[in-house]
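In what follows, a single structure is set out as structure tokens and then discussed.
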Number of protein chains: 2
Amino acid sequence: MSMMGQSISIGELARRADCKPETVRYYERIGLLRDATRTGGGQRRYGDDAVRRLTFIRHARDFGFSVESVRELLAMSDQPDMPCQEVDAIATHHLKKVESRLQRLSILREELQRMVTQCAGGKVESCRIIEVISDHQLCITEKSHGGAHDLG
Amino acid sequence: MSMMGQSISIGELARRADCKPETVRYYERIGLLRDATRTGGGQRRYGDDAVRRLTFIRHARDFGFSVESVRELLAMSDQPDMPCQEVDAIATHHLKKVESRLQRLSILREELQRMVTQCAGGKVESCRIIEVISDHQLCITEKSHGGAHDLG
DNA sequence: GTAAACCTTGTAGCAACTATAGCTTCAAGC
DNA sequence: GCTTGAAGCTATAGTTGCTACAAGGTTTAC
């Protein structure tokens, strides 16, 4: 137990875990963080345990674990005596996803590289990029590229 | 001009471009596809041009181009006489994004591999996976892993 | 005592669809 | 011509993981 008890404001907590107050409130709302104790005026105050917990969450998210996976990981880390098979299962599953995404992305890179390299810089009419997008036949791979999401 | 004119239903169109009717209606709503002609009863009917356009859209999306990029690519492919610099710029920009995502994902893979390999399969208390998530110091890389999104 | 900095809730927005509900229309068989 | 079942219609809400308001209330430092 720290001497200070619950003395950290939401802004300070967010700063320590490198996120924003809105995110902290969001995690509370969806039940990743417990309801904070409040001041007389209704503001949230946290202790060091909350800093650790939020740091764990942010780091797991940073690893790409979904919020639901983080929820499970948290539940398990709260049960230190349990065997860690499930933890391992979640991490392994996640690793597989990362690996398959990597594979599809590297196919995509090749395809895009080819497109860009072959574009002679003339008119749209004869643009290789437009051609390849128009005609799947021109792709190296038969299959789809996996719809590489959220790359802007 | 085809003999058939506008005779393809939304379901058939979706099938030909490998997507769902909902997606077609969505593309119409956001202006990627022009408003379809309608039967007396109000159902959409399409011609071969719509098949080509939708196929282009789906393929571009499959390449990971954002809807906004697709919109620009479509506008350009509608102007065959223009120089294709902008097309090239969009594709090159996208390629860069793919490359940087690839880099971050492969760092992530290493990190996850290390975690999973070092997990001895004992109790949660001493689980390497939980430890690494708890303590960023244990990571190979100083920086964040880039918050690998949407991997499930 | 007051002003700046911080906090509160609730709601809406982002991307790119996907799904649902409750209804209407179409095409084919009889 | 009639029935039936698949497919279509609109409108709206849900998905994921936050982020960004608006319109106020609280704390803290001077």
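Everything numeric here is computed off the predicted structure, so don't read it as measured data. Throughout, a chain's letter reflects where its sequence line sits, starting with A, and its residues are numbered from 1.
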Exercise for the section: Quick one: do R29(A) and D35(A) satisfy salt bridge (Lys or Arg N to Asp or Glu O under 4.0 Å)? Show the steps, please. Expected result: CA-CA 8 Å; R29(A) 211 165 62 236; D35(A) 288 9; over 6 Å; no
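A heavy atom lying under 4.0 Å from DNA chain C marks the following residues of residues 17-42 of chain A, by number: R25(A), R38(A), G42(A).
Atom pair R45(A):CZ and dC7(C):P shows a separation of 7 Å (rounding to whole Å applied). Remark: P of dG17(D) and CG of L54(A) are 16 Å apart, rounded to the nearest angstrom. When rounded to the nearest whole Å, the span between CG of D62(B) and P of dC17(C) equals 11 Å. Distance, E12(B) CD to dC26(C) C1': 15 Å, rounded to whole Å. Atom pair L13(A):CG and dC6(C):C1' shows a separation of 15 Å (rounding to whole Å applied). Here the C1' atom of nucleotide dT8(C) and the OH atom of Y46(A) are 12 Å apart, to the nearest Å.
Under a 4.0 Å N-O distance rule, the pair R44(A)/E28(A) qualifies as a salt bridge. A salt bridge links E12(B) and R16(B); the closest N-O separation between the charged side-chain nitrogens and carboxylate oxygens is under 4.0 Å.
When atom types are taken as modelled, the side chain of R52(B) and the backbone of S134(A) share no donor-acceptor pair closer than 3.5 angstrom. Counting only distance, with no hydrogens or angles, the side chain of H94(A) and the backbone of F63(A) share a donor-acceptor pair below 3.5 Å.
Looking only at atom types and distance, the side chain of Q118(A) has no donor-acceptor partner in the side chain of Q113(A) under 3.5 Å away. Between the side chains of Q43(B) and S9(B), no donor-acceptor pair of N or O atoms lies under 3.5 Å.
OP1 or OP2 of dC18(D) sits under 4.0 Å from a side-chain N or O of R58(A). Between R44(A) and dT27(D) there is no side-chain N or O to OP1 or OP2 distance below 4.0 Å.
With values rounded to the nearest 0.5 angstrom, L74(B) atom CG is found 11.5 Å from F65(B) atom CZ.
The side-chain hydrogen bond (donor to acceptor under 3.5 Å, both in side chains) check on Q103(B) picks up nothing, with sequence neighbours excluded.
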Contacts under 3.5 Å, N or O only, protein and nucleotides 1-7 of chain D:
none

